[in-house]
Amino acid sequence: MELNKITQILDENNFKYAVKKEAVIVFFEFSQNVVIDLSNPSKIIISDYLSNWNFLTGCLKMSLKNAFLYNFILLLFFGFFCQYTAFVSYDFTNLLLTLIAWILLFSTFYLIKLESFKLQFTAMRK
């Protein structure tokens, strides 16, 4: 697929994007970006990343898949920390539950946004 056709599709649907060499970067709200890689003419590669200052990784830039892994490790560490502090008579259970809810909420939001764009983009290409 040609770069001009992709930019035309994105313009028609009011997406914010930037063209860099053989890739088109589509910008979404809450610091989520999707990269449409056109370097291989036989197929289009769609990847994603969360840019700086997002709700899942803070100031770290990483893909959504890596953000899931990062937050899982963070929850394990914080869960063990809460169990340790329970013995010292501090209770951080409410904070742990708030962190779990925060991660689930924004993980679901980012994942739905990414997958709906992929479906919408493949439908528009045809």
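- The CG atom of Asp91 sits 8.0 Å away from atom SG of Cys82, with the distance rounded to the nearest 0.5 Å.
- When each of Phe117, Phe121, Phe27 is tested with Phe15 by the rule ring pair (Phe, Tyr, Trp, His ring centres under 6.0 Å), just one qualifies, namely Phe117.
- Hydrophobic clustering, with ILVMFWY side chains joined whenever heavy atoms are under 4.5 angstrom apart, keeps Tyr49 apart from Val24.
- Judged purely by atom type and a 3.5 angstrom limit, Ser51 uses its side chain to pair as donor or acceptor with the backbone of Ser31.
- Linking ILVMFWY side-chain heavy atoms closer than 4.5 Å, directly or via other members, places Trp53 and Val34 in two distinct hydrophobic clusters.
- In this structure Phe30 satisfies the side-chain contact (heavy atoms from CB on, under 4.5 Å) test together with Phe55, Phe109, Tyr110, sequence neighbours excluded.
- Contact between Leu99 and Leu74 at its shortest, heavy atoms only, is CD2-CD2, 4.5 Å.
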Would you please test Glu115 and Leu119 for side chain to side chain contact (heavy atoms under 4.5 Å, CB included) and show each step?
CA-CA 6 Å; Glu115 293 302 323; Leu119 288 173; 5.5 Å; no
Ile6 vs Ile36, test: side chain to side chain contact (heavy atoms under 4.5 Å, CB included). Steps then yes/no.
CA-CA 9 Å; Ile6 289 176; Ile36 304 169; 4.2 Å; yes
Please report the C-alpha distance between Lys61 and Leu50 in whole Å, then the side-chain angles of each, then the deciding distance to 0.1 Å, and finally whether the side chain to side chain contact (heavy atoms under 4.5 Å, CB included) criterion is met.
CA-CA 6 Å; Lys61 179 180 173 181; Leu50 299 170; over 6 Å; no
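- Between atom CD of residue Gln120 and atom CG of residue Asn13 there is a gap of 5.5 Å, rounded to the nearest 0.5 Å.
- To the nearest 0.5 angstrom, Thr7 atom OG1 is 4.5 Å from Tyr17 atom OH.
- Looking only at distances, no side-chain donor or acceptor of Ser107 sits under 3.5 Å from a matching main-chain atom of Leu104.
- In this structure, the side chain of Asn66 does not engage the main chain of Met62 through any donor-acceptor pair within 3.5 Å.
- In this structure, Asp48 contributes its side chain and Ser63 its backbone to no donor-acceptor pair below 3.5 Å.
- Hydrophobic clustering (side-chain heavy atoms under 4.5 Å, transitive across Ile, Leu, Val, Met, Phe, Trp, Tyr) groups Trp102 together with Leu105.
- You'll find the side chain of Gln32 reaches within 4.5 Å of the side chain of Leu114, heavy atoms only.
- Annotation: the span from Phe81 atom CZ to Phe78 atom CZ amounts to 6.5 Å, rounded to 0.5 Å.
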Dump the intermediate steps for side chain to side chain contact (heavy atoms under 4.5 Å, CB included) on Val35 and Ile45, then the final yes or no.
CA-CA 8 Å; Val35 178; Ile45 300 170; over 6 Å; no
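- The 12-atom threshold is exceeded at CD of Glu29, counting heavy atoms of other residues, nucleotides or ligands nearer than 6.0 Å.
- In plain terms, the two heavy atoms of Ile9 and Arg125 that are nearest each other are CD1-CA, 4.2 Å.
- Within a 6.0 Å radius of NZ in Lys16, other residues, nucleotides and ligands contribute 12 heavy atoms or fewer.
- Atom CG of Asn71 is separated from atom CD1 of Ile100 by 11.0 Å, given to the nearest 0.5 angstrom.
- Here the CD1-OH distance, from Ile103 to Tyr70, works out to 9.0 Å after rounding to the nearest 0.5 Å.
- Under a hydrophobic clustering in which Ile, Leu, Val, Met, Phe, Trp and Tyr are joined whenever their side-chain heavy atoms come within less than 4.5 Å, directly or via other members, Phe77 and Leu60 fall into different clusters.
- No chain of hydrophobic side-chain contacts below 4.5 Å, direct or via other Ile, Leu, Val, Met, Phe, Trp or Tyr residues, connects Ile25 to Ile46.
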